[in-house]
2 protein chains.
Amino acid sequence: MKVEEALQILKANGYKYTGKREEMIRICAAEKRYLSAKDIMERIKEQYPTLSFDTVYRNISTFVELGILEETELDGEGRYRLACSADGHHHHHVICTECGKTSSLPGCPMNVLAAVPDDFQVTGHKFEVYGTCKECIAQSN
Amino acid sequence: MKVEEALQILKANGYKYTGKREEMIRICAAEKRYLSAKDIMERIKEQYPTLSFDTVYRNISTFVELGILEETELDGEGRYRLACSADGHHHHHVICTECGKTSSLPGCPMNVLAAVPDDFQVTGHKFEVYGTCKECIAQSN
DNA sequence: TAGCAAATCAGAACAAATCCGATTTAAAGG
DNA sequence: CCTTTAAATCGGATTTGTTCTGATTTGCTA
């Protein structure tokens with residue numbers, strides 16, 4: 001997803017344009033990596049030093065609802081990255097548990113799953129492979 | 001996994017036997033369901049009304065380390081269930097997001113995954129299907 | 001450009017989880 | 001058995017990530 005596309009989605013859903021929102025999206029767009037709320041805060045403070053964490057958290061959850069950001073959880077804290085599944089076809093990621101860096105995996109296990117027990121009404125799924133990326137391995141030596 | 005087996009593992013790893021630990025394991029063994037720390041607390045209070053949450057949390061993480069409990073996360077809080085992958089072959093679950101109830105899925109996506117990008121050293125994976133179980137659907141009508 | 005709803009601020013409040021020093025207890029050895 | 005000791009537990013304070021609240025500011029539209 002591109003920054004412009006994300007802003008488009010916001011507008012289309014009746015949300016106002018603000019520089020802070022754009023900057024948040026830019027920050028996420030800048031890296032193929034899951035960022036924590038804290039990470040985003042730190043980076044945005046260069047440009048908006050007084051920004052409150054309420055704003056960051058509230059915007060993040062708006063973005064997640066609108067499908068602009070994808071969400072996961074590492075070490076008990078929420079992590080976010082610009083949605084990319086929306087772009088082409090649905091897929092999943094390998095995630096570096098050190099730095100949040102991601103890489104795409106082909107396909108989705110739901111496609112090859114023979115059957116889900118029929119006493120469950122399925123609402124979603126999560127498939128994530130965890131590991132350590134080359135950079136983080138190098139760094140720890 | 002059976003309660004006795006779990007106690008066995010504790011002993012084998014040099015942990016002491018305590019009634020509280022046994023009761024915690026019994027509580028988890030009683031249901032094919034993910035329980036929160038709070039759930040376990042509530043249930044154990046019938047027998048040990050003074051139990052502190054420190055004890056519950058510390059024992060839970062010991063159990064997770066030893067592979068007695070499996071861990072996941074729902075609504076920002078840790079959920080636990082007696083390990084069953086250890087029993088037979090490795091597998092995954094459908095999880096009811098309302099009540100934590102689980103049902104097994106056949107197979108594991110890692111087996112059919114063509115390739116993981118080689119700049120990642122894989123350390124683990126998670127595959128969970130989320131949904132609402134029959135009972136919870138009925139209850140919400 | 002006035003008015004309004006949405007967005008933001010600042011800090012209080014919250015909930016899950018962890019830490020701490022003091023006390024109790026399981027279990028191994030005499 | 002009794003003693004000893006390290007592990008386990010207690011109770012409460014603390015930390016951390018996140019959400020709420022009420023006042024203020026800011027985009028947008030008419």
Side-chain angles (χ1 to χ4, degrees), chain A residues 6-27 34-66 68-69 71-81 97 100, chain B residues 6-27 34-66 68-69 71-81 97 100:
Chain A
L7 294 173
Q8 193 61 37
I9 294 175
L10 275 174
K11 193 168 196 176
N13 287 80
Y15 289 92
K16 292 181 180 170
Y17 167 85
T18 73
K20 287 159 194 176
R21 284 185 171 155
E22 173 166 349
E23 185 59 18
M24 282 182 66
I25 293 169
R26 280 198 189 287
I27 287 168
Y34 275 98
L35 296 174
S36 68
K38 210 189 301 169
D39 290 333
I40 296 175
M41 286 267 275
E42 266 172 34
R43 288 167 208 219
I44 207 170
K45 287 233 161 149
E46 292 171 20
Q47 194 151 357
Y48 297 98
T50 69
L51 189 98
S52 80
F53 40 76
D54 179 69
T55 300
V56 172
Y57 279 111
R58 195 170 14 70
N59 282 340
I60 284 176
S61 59
T62 300
F63 295 162
V64 171
E65 262 173 51
L66 296 178
I68 292 172
L69 291 185
E71 184 177 30
T72 193
E73 185 268 330
L74 249 61
D75 295 317
E77 68 178 345
R79 303 287 195 106
Y80 309 89
R81 57 157 293 154
T97 48
Chain B
L7 293 174
Q8 193 61 37
I9 294 175
L10 274 175
K11 194 168 196 173
N13 287 80
Y15 289 92
K16 291 183 180 170
Y17 167 84
T18 73
K20 288 159 194 177
R21 283 185 174 155
E22 173 167 348
E23 185 58 19
M24 282 182 66
I25 293 169
R26 280 198 190 288
I27 287 168
Y34 275 97
L35 296 174
S36 67
K38 211 188 301 169
D39 290 333
I40 296 175
M41 285 267 275
E42 268 173 32
R43 287 166 210 220
I44 207 170
K45 288 235 162 148
E46 294 171 18
Q47 197 153 354
Y48 297 96
T50 70
L51 189 98
S52 81
F53 38 76
D54 179 66
T55 301
V56 172
Y57 278 112
R58 195 169 15 71
N59 282 340
I60 283 176
S61 59
T62 301
F63 295 162
V64 171
E65 261 173 50
L66 296 177
I68 293 171
L69 292 185
E71 184 178 30
T72 191
E73 185 266 331
L74 248 62
D75 295 318
E77 69 178 343
R79 302 288 194 106
Y80 309 89
R81 57 157 293 153
T97 50

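The sequence lines fix the lettering, A, B, ..., with proteins before strands; numbering per chain opens at 1.
Atom pair A:Lys11:NZ and C:dA6:P shows a separation of 17 Å (rounding to whole Å applied). With rounding to whole Å, B:Lys20 atom NZ is found 18 Å from D:dA7 atom P. Straight-line distance from the CG atom of A:Asp39 to the P atom of D:dT16: 16 Å, rounded to whole Å. Across the protein-nucleic acid pair, B:Glu73 atom CD and D:dG17 atom P stand 14 Å apart, rounded to whole Å. The distance between atom CG of B:Leu10 and atom P of C:dA27, rounded to the nearest whole Å, is 11 Å. With rounding to whole Å, B:Arg58 atom CZ is found 17 Å from D:dG12 atom P. For the pair A:Leu7 CG and C:dA7 C1', the interatomic distance rounds to 16 Å; values are reported in whole Å. Put simply, CG on A:Leu51 is 17 Å from P on D:dT25, counting in whole angstrom units.
By the salt bridge (Lys or Arg N to Asp or Glu O under 4.0 Å) test, B:Arg81 is found to be paired with no residue, residues two or more places apart in sequence or in another chain being considered. Residues passing the side chain to side chain contact (heavy atoms under 4.5 Å, CB included) test with A:Asn13, sequence neighbours excluded: A:Ile9, A:Tyr15, A:Leu66. Residues forming a side chain to side chain donor-acceptor pair (under 3.5 Å) with B:Tyr34 (at least two apart in sequence, or on another chain): none. Partners of A:Glu77 under the salt bridge (Lys or Arg N to Asp or Glu O under 4.0 Å) rule, at least two apart in sequence or in another chain, are A:Arg79. Partners of B:Glu22 by salt bridge (Lys or Arg N to Asp or Glu O under 4.0 Å), not counting sequence neighbours, listed by chain and number: B:Arg26. In this structure B:Ser52 satisfies the side chain to side chain contact (heavy atoms under 4.5 Å, CB included) test together with B:Asp54, B:Thr55, sequence neighbours excluded.
Within the model, atoms CG of B:Leu7 and CD1 of B:Ile25 stand 5.0 Å from one another, a figure rounded to the nearest 0.5 Å. Note that the CG atom of B:Asp39 and the CD1 atom of B:Ile27 stand 10.0 Å from one another [nearest 0.5 Å]. Distance check: A:Met24 CE to A:Leu35 CG gives 10.0 Å after rounding to the nearest 0.5 Å. Here the CD1 atom belonging to A:Ile44 is positioned 14.5 Å from the CZ atom belonging to A:Phe53, to the nearest 0.5 angstrom.
Near-neighbour residues of DNA chain D inside residues 40-50 of chain B, defined by a heavy atom below 4.0 Å, number-ordered: B:Thr50.
In this structure, the helix from C:dT1-D:dA30 to C:dG30-D:dC1 shows an angle of 30° between the axis at its start and the axis at its end, each fitted on 5 base pairs and rounded to 10°.
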Protein-nucleic acid N or O pairs under 3.5 Å, nucleotides 26-30 of chain D:
from: D:dG27; atom 1: O3'; to: A:Tyr17; atom 2: O; distance (Å): 3.3
from: D:dG27; atom 1: N3; to: A:Lys16; atom 2: NZ; distance (Å): 3.4
from: D:dC28; atom 1: OP1; to: A:Tyr17; atom 2: N; distance (Å): 3.0

Open item on the list: Return a single string for nucleotides 12-24 of chain C, one symbol per nucleotide in 5' to 3' order, where B is base contact, S is sugar-phosphate-only contact and - is none, cutoff 4.0 angstrom on heavy atoms.
Closed with: B---SBBBB----
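Sequence neighbours left out, not one pair with a member in residues 11-20 of chain A passes salt bridge (Lys or Arg N to Asp or Glu O under 4.0 Å). Among pairs with a residue in residues 42-51 of chain B, those fulfilling side-chain hydrogen bond (donor to acceptor under 3.5 Å, both in side chains) read B:Glu31-B:Arg43, at least two apart in sequence or across chains.
Taking 4.0 angstrom as the limit, B:Thr55 places a side-chain polar atom (N or O) nearer than this to OP1 or OP2 of D:dC10.
Residues B:Glu71 and B:Ile60 are not in side-chain contact: their nearest non-hydrogen atoms beyond the backbone lie 4.5 Å or more apart. Put simply, the side chain of A:Arg21 reaches to within 4.5 Å of the side chain of A:Phe63, judged on heavy atoms.
As judged by a 4.0 angstrom heavy-atom cut-off over every strand, B:Arg21 is placed among residues touching the sugar-phosphate backbone only.
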